[in-house]
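Everything numeric here is computed off the predicted structure, so don't read it as measured data. Index from 1, following the sequence.
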Amino acid sequence: LPSETRDVVRVILSCGRKIVPMFAILAHASDLKASADLYLYLLRAASHFDHVKVGIDPDGDYLARIDLRPSTFAAGDIDDAATQIRDAVDALTPTLLKHRAQ
């Protein structure tokens, strides 16, 4: 998707039987310097979004994610979720840049 803070935000959708996770990588583990300030920022930021979850995957990469339920969503919900993820990425990116690994 077009972005205000990046060239593009790649939103990835994975189909499952019970959950359809959609996510975008905020930053790779090696891109950011891990710190208590960064984790506190991400924890607080997560509470500002209705459906977007902010987290760290097992590889240490930082994600913005929404889980849809295949039994209850319509096609338009995919577009809405992708837009919400992109908006979260755009909102978080300026502060994440302050935590770049040197």
Side-chain angles (χ1 to χ4, degrees):
L1 297 173
S3 169
E4 294 179 13
T5 60
R6 301 169 182 223
D7 291 335
V8 66
V9 173
R10 291 181 189 355
V11 178
I12 299 159
L13 173 98
S14 177
C15 293
R17 296 183 109 187
K18 295 183 181 184
I19 277 189
V20 177
M22 295 182 70
F23 67 93
I25 296 174
L26 290 166
H28 293 285
S30 61
D31 294 341
L32 301 179
K33 187 172 92 174
S35 69
D37 287 339
L38 172 62
Y39 296 146
L40 187 58
Y41 169 72
L42 291 173
L43 184 63
R44 287 182 176 153
S47 69
H48 291 287
F49 303 108
D50 289 334
H51 300 288
V52 177
K53 300 172 188 174
V54 177
I56 303 171
D57 74 6
D59 295 329
D61 298 329
Y62 302 86
L63 307 172
R65 173 181 171 158
I66 291 179
D67 293 333
L68 300 172
R69 303 250 183 258
S71 60
T72 61
F73 77 85
D77 295 338
I78 293 173
D79 288 336
D80 291 343
T83 299
Q84 288 180 52
I85 291 170
R86 190 262 330 266
D87 292 348
V89 170
D90 282 343
L92 297 172
T93 294
T95 299
L96 293 178
L97 291 174
K98 295 176 186 176
H99 292 274
R100 278 189 285 198
Q102 302 300 338

(request) Check whether any side-chain heavy atom of V11 lies under 4.5 Å from a side-chain heavy atom of L13, and answer yes or no. (result) no

(request) Find out if a path of hydrophobic residues (ILVMFWY) with successive side-chain heavy-atom gaps under 4.5 Å connects V20 to F23. (result) no

(request) Using side chain to side chain contact (heavy atoms under 4.5 Å, CB included) as the criterion, list what pairs up with L43, not counting sequence neighbours. (result) none

(message) Has D57 got a side-chain atom pairing as donor or acceptor with D59's backbone, closer than 3.5 angstrom?
(response) yes

(request) Taking the side chain as every heavy atom from C-beta outward, state whether R69 and I19 have any pair of such atoms under 4.5 Å apart. (result) yes

(request) Evaluate side-chain contact (heavy atoms from CB on, under 4.5 Å) for L38 paired with L96, printing each intermediate quantity in order. (result) CA-CA 8 Å; L38 172 62; L96 293 178; 3.7 Å; yes

(request) Answer yes or no: is there a donor N or O on one side and an acceptor on the other, between the side chain of S47 and the main chain of R44, under 3.5 Å? (result) yes

(request) Identify which one of Q84, R86, M22 satisfies the side chain to side chain contact (heavy atoms under 4.5 Å, CB included) criterion when paired with V52. (result) Q84

(request) Evaluate the side-chain proximity of P21 to D67: yes if any heavy-atom separation is below 4.5 Å, no if none is. (result) yes

(request) Compare all side-chain heavy atoms of I78 with those of F73 and state whether any distance is below 4.5 angstrom. (result) yes

(message) Tell me if a side-chain donor or acceptor on D79 pairs with a main-chain N or O of G76 at a distance below 3.5 Å.
(response) no

(request) Identify the heavy atoms of D61 and A29 that sit nearest to each other, and give their distance. (result) OD1-N, 2.8 Å

(request) Report yes if the side chains of F49 and D87 come closer than 4.5 Å at any heavy-atom pair, otherwise no. (result) no

(request) Report the residues that fulfil side-chain hydrogen bond (donor to acceptor under 3.5 Å, both in side chains) with R6, sequence neighbours left out, ordered by chain and then residue number. (result) T93

(message) Would you say that I25 contacts L63 through its side chain, given a criterion of any heavy-atom pair below 4.5 Å between the two side chains?
(response) yes

(request) Any chance you could measure T95, atom OG1, to L26, atom CG, to the nearest 0.5 Å? (result) 11.5 Å

(message) Rounded to the nearest 0.5 Å, what separates atom CG in D80 from atom CD1 in I85?
(response) 11.0 Å

(request) I would like to know whether Y39 and I56 meet side-chain contact (heavy atoms from CB on, under 4.5 Å); could you show each step before the answer? (result) CA-CA 10 Å; Y39 296 146; I56 303 171; 3.6 Å; yes

